[in-house]
Amino acid sequence: MTHIMAITSEKGGVGKSTLGVHLAGAFTERGLKTLLVDEDGRIGSALRWATRGNGLPFEVLEPEEVKPKKLREYDVVVIDTEGRPKRKELRTLGERADIIVLPSGVSPLELEATQELLAFLYEDPQARRRCRVVLTRVPPVGRAAENARENLRDLGIIVCNTWVRHYASYMRAAELGTLCRDVADERAAIAWQDILDLSRELV
Ligand SMILES: Nc1ncnc2c1ncn2[C@@H]1O[C@H](COP(=O)(O)OP(=O)(O)OP(=O)(O)O)[C@@H](O)[C@H]1O
Ligand SMILES: [Mg+2]
């Protein structure tokens with residue numbers, strides 16, 4: 001069975017592409033045949049990421065290049081969506097993905113934006129159980145993520161146990177067109193472990 005996973009947010013710059021590229025890398029490392037579909041195409045997008053370095057260890061395609069029949073060949077298809085999708089597009093996304101990953105920062109404003117988007121997605125009762133909040137860019141010290149996770153769960157929202165901490169290795173990986181596991185940085189291995197742990201919760 002192919003798992004279709006869409007990564008989306010209404011706010012830009014929350015870490016969708018970073019998460020998309022790294023999760024696709026983690027699934028691949030785990031032996032799952034993975035495709036990353038880039039619906040964005042701008043600077044910072046997954047497609048551009050893939051062209052900066054020696055290539056990523058999985059296929060990255062534009063939506064136009066994806067033949068629906070071919071999707072069945074993959075174990076996981078990760079869709080990285082554009083920065084500010086229209087609500088109508090979000091609705092369609094909710095219908096075609098099995099898992100909707102919503103990255104969110106832990107600041108009060110970011111959490112509010114995530115809750116607002118969820119309220120919209122939850123209008124489709126089928127979508128509720130598919131939505132997973134992933135806390136990202138989490139300060140490595142302090143309890144912000146723990147508190148955010150508990151508060152969201154109290155509201156009945158599904159939040160992944162693993163959060164992705166804020167490490168420079170992710171930014172370096174984007175610059176070099178690689179994965180954080182391949183960046184020469186003392187925190188790179190810890191950053192990669194966050195992604196591997198998260199990937200196991202999702203698929
Ligand atoms: N866990 C992290 N630690 C440190 N930096 C991060 C992390 N996640 C993302 N970033 C950085 O934050 C910035 C925005 O990330 P990214 O491009 O992944 O967001 P996005 O949601 O895809 O943005 P857009 O809405 O423009 O598509 C980038 O500079 C990226 O390197
Ligand atoms: Mg992006």
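Each ligand, and each atom within it, is numbered from 1 in the order the structure gives.
- For atom 10 (N) of ligand 1, the choice among R187, R137, H166 with the nearest heavy atom turns out to be R137.
- Within ligand 1, counting atoms from 1 as listed, the ones closer than 4.0 Å to a heavy atom of G12 are 25 (O).
- Distances below 4.0 Å separate heavy atoms of T18 from the following atoms of ligand 1: 8 (N), 9 (C), 15 (O), 16 (P), 18 (O), 30 (C).
- Counting the atoms of ligand 1 from 1 in the order shown, those under 4.0 Å from a heavy atom of D40 are 27 (O).
- In summary, the atoms of ligand 1 found under 4.0 Å from a heavy atom of S17, numbered by their order in the structure, are 18 (O), 20 (P), 22 (O).
- The distance from ligand 1 to the heavy atoms of V164 drops below 4.0 Å at these ligand atoms: 1 (N).
- More than 12 heavy atoms of other residues, nucleotides or ligands lie within 6.0 Å of CG in D154, so this atom counts as buried by the packing criterion.
- Distances from atom 23 (O) of ligand 1 to the heavy atoms of G15, G13, P140 put G13 nearest.
- Residues V138 and D194 have side chains not in contact (no heavy-atom distance under 4.5 Å, counting atoms from C-beta outward).
- Classification of E175 and R172 as a salt-bridged pair holds, one side-chain N sitting under 4.0 Å from a carboxylate O.
- You'll find the side chain of P57 reaches within 4.5 Å of the side chain of L179, heavy atoms only.
- Note that the CD1 atom of I99 and the CZ atom of R130 stand 10.5 Å from one another [nearest 0.5 Å].
- Heavy-atom separations between R165 and ligand 1 include at least one value shorter than 4.0 Å.
- Not a single heavy atom of A174 sits closer than 4.0 Å to an atom of ligand 1.
- D75 places a side-chain N or O within 3.5 Å of a backbone atom of K33 that can act as its donor or acceptor partner.
- Geometrically, ligand 1 and S9 share no nitrogen or oxygen pair separated by less than 3.5 Å.
- How far NZ of K70 is from CG of L61: 6.5 Å, rounded to the nearest 0.5 Å.
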